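We count ligands from 1, going down the list as the structure has it; atoms in each ligand are counted the same way. The figures here come from the full heavy-atom set of this structure, side chains too, leaving out hydrogens, waters and symmetry mates. These numbers come from a predicted model, not from an experiment. Nothing fancy with the numbering, it's 1 onward along the sequence.
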Amino acid sequence: MPRTGSFLRLRPGSLGFHMVSCAVLLFTPLSSAWAGPSLGRNNALRIFFVDVEGGQATLFVTPAGGSLLIDTGWPGNDGRDADRIVAVAKKAGIRKIDDVLITHFHNDHVGGLPQLVARIPVGTVIDHGDNRESTDRPTVQVWQAYQELLAAKKFKRLTVKPGDRLPIRGIEATVVSSDGAVIEHPLSGAGQENAGCKNAEQFPADQTENLRSLGTIVSFGKLRILDLGDLTRDKEMELVCPNNKLGTIDIYIVSHHGWYQSNSPVFLNAIVPRVAIMDNGATKGGTPSAWDIIEKSPRLENLWQLHYSEEGGAAHNVAPDFIANPEGPDAGNYLELTAWPDGSFEVFNSRTQNARRYSAH
Ligand SMILES: [Zn+2]
């Protein structure tokens, strides 16, 4: 179960601030990790986990002013997902998205791109190469729309392969998977033999765009953040067996919205994240079996969820403080992670207006 902490609602400058502070000192253990959001963001990396109802849209804004959006959510819905992305971009003070990374050509990842570029300028779109799944109609449709945007020169296109470094200002981003291939050699500091591989369950090769997901490791100061899109368990095995090519991760953007076709035990036991953030929807992702594997991974301090998972029910959801959108009418609340170069970070829930701090390790 997640570790629970007490709430603080510190609002520096507000009338009740000093009174609340005193009350906190009297009644709250000093070790509490809950607080209002930190104010010092000048040298921080900000990552917004936009609620796109079981798709992905994750916006990185670097201290150098660079921006990287991983995926664009769904098409349709009157531009709901693009509107939510633009709203957090405004909060972060950016008027243009430098780079949009499309993990793969499924409609919950690339579907929102036409609506996004109609609302905010985009510099370059990074992809794994052409769509390879020609039998799935929604996939063919979003691929067609992508080609039309390219023909209209709405952005530049950059296709990358494992081992490439992404040209993002202010962070180091390395491609670890693309178009069905993974890095040949371990990343710096990684490569240890993985004892967990011996008796690990083997998985059949995925036949969709999912296994072609463009996965990246972002390094910022001492922190390592992993995003693999919807990369499936067969490819996870290639990344961590027989040697762990990735090493340990601090922040894991949960693959595939927390669906069971990703998130194998051998993988989670290799990357051992401190914090996992799951971009599930109310009825998409957050499979109980995958949730258990993530939640029980040996070093995990907290799992955060964009939504309460209806499938998970009482036994397979985190405490409400760690959920941006609980049961009931959907408000599109986001989570925001702020990271500092010393390795400390915090996660802010826009619904509760509270943040939880994590010290540098
Ligand atoms: Zn997906």
Side-chain angles (χ1 to χ4, degrees), residues 47-59 68-77 80-82 84-85 100-116 125-129 131-133 135-143 145-146 176-180 203 205-216 226-236 252-264 267 276-291 293-294 303-307 309-312 324-325 330 332 334-335:
I47 310 173
F48 296 88
F49 299 82
V50 182
D51 175 28
V52 291
E53 312 294 336
Q56 183 171 0
T58 315
L59 179 65
L68 167 70
L69 175 69
I70 299 185
D71 290 331
T72 60
W74 301 88
N77 304 306
R80 175 200 66 199
D81 294 354
R84 290 180 180 180
I85 295 164
V100 173
L101 185 156
I102 298 299
T103 59
H104 61 299
F105 292 104
H106 277 167
N107 62 348
D108 57 326
H109 294 260
V110 68
L113 186 60
Q115 295 161 326
L116 185 73
V125 175
I126 304 167
D127 64 32
H128 69 54
N131 169 47
R132 311 281 189 198
E133 191 180 345
T135 50
D136 181 57
R137 191 173 162 74
T139 302
V140 170
Q141 283 174 343
V142 292
W143 169 239
Y146 187 71
V176 296
S177 67
S178 181
D179 199 22
F203 303 101
D206 181 71
Q207 302 294 321
T208 72
E209 267 285 300
N210 289 330
L211 96 163
R212 302 188 181 279
S213 289
L214 170 46
T216 47
L226 179 65
D227 183 279
L228 298 178
D230 288 356
L231 199 75
T232 41
R233 295 179 295 191
D234 49 326
K235 291 294 160 186
E236 290 177 351
Y252 173 48
I253 302 175
V254 174
S255 295
H256 219 160
H257 326 287
W259 206 34
Y260 75 94
Q261 287 193 340
S262 303
N263 303 295
S264 54
F267 178 70
I277 300 186
M278 183 163 78
D279 46 18
N280 64 311
T283 57
K284 182 157 179 273
T287 315
S289 59
W291 189 94
I293 293 163
I294 299 161
L303 168 63
W304 293 75
Q305 299 177 196
L306 272 183
H307 266 270
S309 162
E310 291 180 14
E311 186 185 355
N325 297 283
D330 184 57
Y334 63 91
L335 297 170

>> So, applying side-chain contact (heavy atoms from CB on, under 4.5 Å) with Gln56, which one of Thr72, Asp227, Asp108, Ile102 is it?
In response: Asp227

>> Restricting to under 2.8 Å, identify the protein N, O or S atoms around the Zn ion (ligand 1) as residue plus atom.
In response: Asp108 OD2, His109 NE2, Asp230 OD2, His257 NE2

> Any idea how His104 and His109 line up, ring-wise: parallel (<30°), tilted (30 to 60°), or perpendicular (>60°)?
Replying inline: tilted

> Who passes side-chain contact (heavy atoms from CB on, under 4.5 Å) against Val142, sequence neighbours left out?
Replying inline: Asn107, Val110

> So, are Arg212 and Asp206 salt-bridged, with charged N and O less than 4.0 Å apart?
Replying inline: no

> Is a side-chain N or O of Ser262 found less than 3.5 angstrom from the main chain of Leu231, in a donor-acceptor match?
Replying inline: yes

> Hey, are Arg84 and Glu53 close enough for a salt bridge, meaning a charged N less than 4.0 Å from a carboxylate O?
Replying inline: yes

